[in-house]
K.L.:
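Pasting in a structure now, in structure tokens, and then I'll have a few things to ask.
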Amino acid sequence: MLADLIAYLNGPVLATGLVVASRAELAGALLGVWMVLCNFRVHPLAWPLTIASSALYLLVFWDARLYGDASLQVLFITLGFWGWWQWLRGHQADGRLLTVRHLAPRGWLAALLGLALLWPAIGLLLAHTTDTDVPWWDAFPTAGSVVGQVLLGRKYVENWTAWLAVNVIAVGLFAYKGLWLTVGLYAVFAVLSVVGWRTWRRRAAEGQAA
């Protein structure tokens with residue numbers, strides 16, 4: 001029964017010129033846009049949407065042999081529950097509930113160090129254990145997304161900077177794989193990353209003023 005469901009979700013639902021999309025890809029894309037709009041508003045609904053969209057994209061990426069991105073969806077599902085809890089019950093170091101705020105210089109260093117360690121580690125893992133033909137290109141958005149998701153869960157403005165870098169690289173990667181609906185989605189995500197960064201900067205400034 002599970003195999004039948006996966007086959008149904010991976011079945012084509014859209015075929016127009018170069019754009020061929022499965023049911024999973026189309027549904028995952030729509031849920032992904034809704035998720036980002038909820039992130040703009042710092043609405044906790046973003047996290048269950050993350051979980052649902054990630055589950056669908058797990059099927060899409062595995063079918064396309066993008067194993068790094070497929071594995072990333074499993075992590076996104078896990079972090080989705082963590083982020084959901086953080087936004088509902090998480091606290092800052094001063095004991096207050098989480099608010100939108102900026103990373104300190106030490107936080108920037110930790111984020112960049114995390115990316116510098118994760119990217120080659122994931123790239124080597126993919127190169128030696130899978131049949132992917134793009135291990136390093138697959139590894140970068142995977143590593144960057146882990147960093148971005150953690151920053152998002154802790155409500156740091158700079159999560160949008162991480163997502164912008166991830167989305168720009170992902171556009172090229174998915175174009176190479178012929179996932180044209182997802183190319184369009186991640187191009188929209190790149191634009192929304194800039195909008196989200198400006199929106200959260202404003203929120204952070206208002207929080208400091210208050």
Side-chain angles (χ1 to χ4, degrees), residues 28 30-58 68-119 121-122 139-170 186 188-210:
L30 294 174
L31 291 176
V33 172
W34 188 6
M35 170 198 70
V36 174
L37 294 178
C38 287
N39 283 335
F40 283 175
R41 300 173 53 217
V42 201
H43 195 295
L45 179 60
W47 293 101
L49 291 173
T50 295
I51 294 166
S53 180
S54 297
L56 291 166
Y57 264 106
L58 170 60
D69 282 295
S71 301
L72 178 63
Q73 303 314 304
V74 177
L75 181 60
F76 274 177
I77 292 169
T78 304
L79 288 175
F81 287 103
W82 171 80
W84 199 357
W85 173 260
Q86 289 294 317
W87 280 24
L88 293 175
R89 297 286 185 269
H91 291 78
Q92 300 172 179
D94 59 8
R96 293 185 299 161
L97 289 174
L98 290 180
T99 58
V100 173
R101 63 208 190 280
H102 287 280
L103 271 177
R106 183 182 297 178
W108 269 102
L109 181 61
L112 292 173
L113 181 61
L115 178 62
L117 293 174
L118 282 172
W119 184 13
I122 295 170
F140 181 85
T142 304
S145 294
V146 172
V147 173
Q149 197 78 334
V150 171
L151 296 179
L152 176 64
R154 294 297 293 171
K155 292 189 179 179
Y156 286 114
V157 175
E158 288 74 17
N159 84 87
W160 296 104
T161 307
W163 290 123
L164 178 59
V166 166
N167 293 330
V168 168
I169 296 299
Y186 275 74
V188 170
F189 279 170
V191 175
L192 292 179
S193 297
V194 177
V195 178
W197 176 71
R198 296 180 63 181
T199 302
W200 276 37
R201 277 189 68 194
R202 225 170 18 247
R203 280 182 175 270
E206 291 168 357
Q208 287 181 337

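Sequence positions, counted from 1, serve as the residue numbers for this chain. If you're wondering where the values come from, they're calculated on a predicted model, not measured in any experiment.
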K.L.:
Keeping the roles fixed (side chain from R203, backbone from V157), state whether a donor-acceptor pair exists under 3.5 Å.
P.N.:
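Between the backbone of V157 and the side chain of R203 there is no qualifying donor-acceptor contact (under 3.5 Å).
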K.L.:
Give the minimum heavy-atom separation between V150 and W82, together with the two atoms involved.
P.N.:
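In terms of heavy atoms, the two residues are closest at O-CH2, 3.7 Å.
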K.L.:
So, taking the atom named NE2 in H43 and the one named CE in M35, what distance separates them when rounded to the nearest 0.5 Å?
P.N.:
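One finds 15.0 Å between NE2 of H43 and CE of M35.
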K.L.:
Kindly determine whether L45 and W34 satisfy side chain to side chain contact (heavy atoms under 4.5 Å, CB included), including the steps that lead there.
P.N.:
CA-CA 9 Å; L45 179 60; W34 188 6; 3.7 Å; yes
K.L.:
Any chance you could lay out the side chain to side chain contact (heavy atoms under 4.5 Å, CB included) test for R89 and W84, step after step, and finish with the verdict?
P.N.:
CA-CA 9 Å; R89 297 286 185 269; W84 199 357; over 6 Å; no
K.L.:
Before you tell me yes or no, could you show the steps for F40 and L192 under side chain to side chain contact (heavy atoms under 4.5 Å, CB included), namely the whole-Å CA-CA distance, both residues' side-chain angles and the distance that decides it to 0.1 Å?
P.N.:
CA-CA 9 Å; F40 283 175; L192 292 179; 3.8 Å; yes
K.L.:
Once rounded to the nearest 0.5 Å, what's the spacing between atom CG of L103 and atom CD of E158?
P.N.:
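Between atom CG of L103 and atom CD of E158 there are 4.5 Å.
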K.L.:
So does N39 get a backbone contact from the side chain of W200, meaning a donor-acceptor N/O pair under 3.5 Å?
P.N.:
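A pair under 3.5 Å: yes.
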K.L.:
A70 and L58: which non-hydrogen atoms are nearest, and at how many Å?
P.N.:
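What the structure gives for the nearest pair is O-CD1, 3.1 Å.
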K.L.:
For R154 versus Q92, what's the shortest heavy-atom pair and its separation?
P.N.:
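So the two residues come closest at NH2-CA, 4.0 Å.
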K.L.:
Supply the atom-to-atom distance Q73 CD to T142 OG1, rounded to the nearest 0.5 angstrom.
P.N.:
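One finds 8.5 Å between CD of Q73 and OG1 of T142.
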K.L.:
Does W119 have more than 12 heavy atoms from other residues, nucleotides or ligands lying within 6.0 Å of its CH2?
P.N.:
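Not buried by this count: 12 neighbours or fewer within 6.0 Å.
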K.L.:
With sequence neighbours left out, write down each residue that passes side-chain contact (heavy atoms from CB on, under 4.5 Å) with L97, or none if nothing qualifies.
P.N.:
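By the side-chain contact (heavy atoms from CB on, under 4.5 Å) rule, L97 matches H91.
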K.L.:
Provide the closest heavy-atom pair for V166 versus G144 in the form atom of the first, atom of the second, distance.
P.N.:
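So the minimum-distance heavy-atom pair works out to CG2-C, 3.5 Å.
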K.L.:
Output the distance between atom OH (Y186) and atom CH2 (W163), rounded to the nearest 0.5 Å.
P.N.:
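So the OH of Y186 and the CH2 of W163 are separated by 8.0 Å.
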K.L.:
Tell me if a side-chain donor or acceptor on R106 pairs with a main-chain N or O of A104 at a distance below 3.5 Å.
P.N.:
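No: the side chain of R106 does not pair with the backbone of A104.
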K.L.:
Any chance you could lay out the side chain to side chain contact (heavy atoms under 4.5 Å, CB included) test for L152 and W47, step after step, and finish with the verdict?
P.N.:
CA-CA 10 Å; L152 176 64; W47 293 101; 3.9 Å; yes
K.L.:
How close do W160 and S193 get, heavy atom to heavy atom, and via which atoms?
P.N.:
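Result for this residue pair: CB-O, 3.5 Å.
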K.L.:
Enter the distance from Q86:CD to L79:CG here, rounded to the nearest 0.5 Å.
P.N.:
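Output value for this atom pair is 10.5 Å.
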K.L.:
Table please: side-chain donor-acceptor pairs of residues 49-56 below 3.5 Å, with sequence neighbours left out.
P.N.:
residue: T50; atom: OG1; partner: A46; partner atom: O; Å: 2.9
residue: S53; atom: OG; partner: G28; partner atom: O; Å: 2.9
residue: S54; atom: OG; partner: T50; partner atom: O; Å: 2.7

K.L.:
Provide the closest heavy-atom pair for G148 versus N159 in the form atom of the first, atom of the second, distance.
P.N.:
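Scanning both residues completely, I find the closest heavy atoms to be O-CB, 3.6 Å.
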K.L.:
State, yes or no, whether a side-chain contact exists between L115 and F140 at a heavy-atom distance under 4.5 Å.
P.N.:
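Yes, close enough: below the 4.5 Å cut-off.
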K.L.:
One pair to check against ring-ring contact (aromatic ring centres under 6.0 Å, His included): Y156 and W108. What are the steps and the verdict?
P.N.:
CA-CA 11 Å; Y156 286 114; W108 269 102; over 10 Å; no
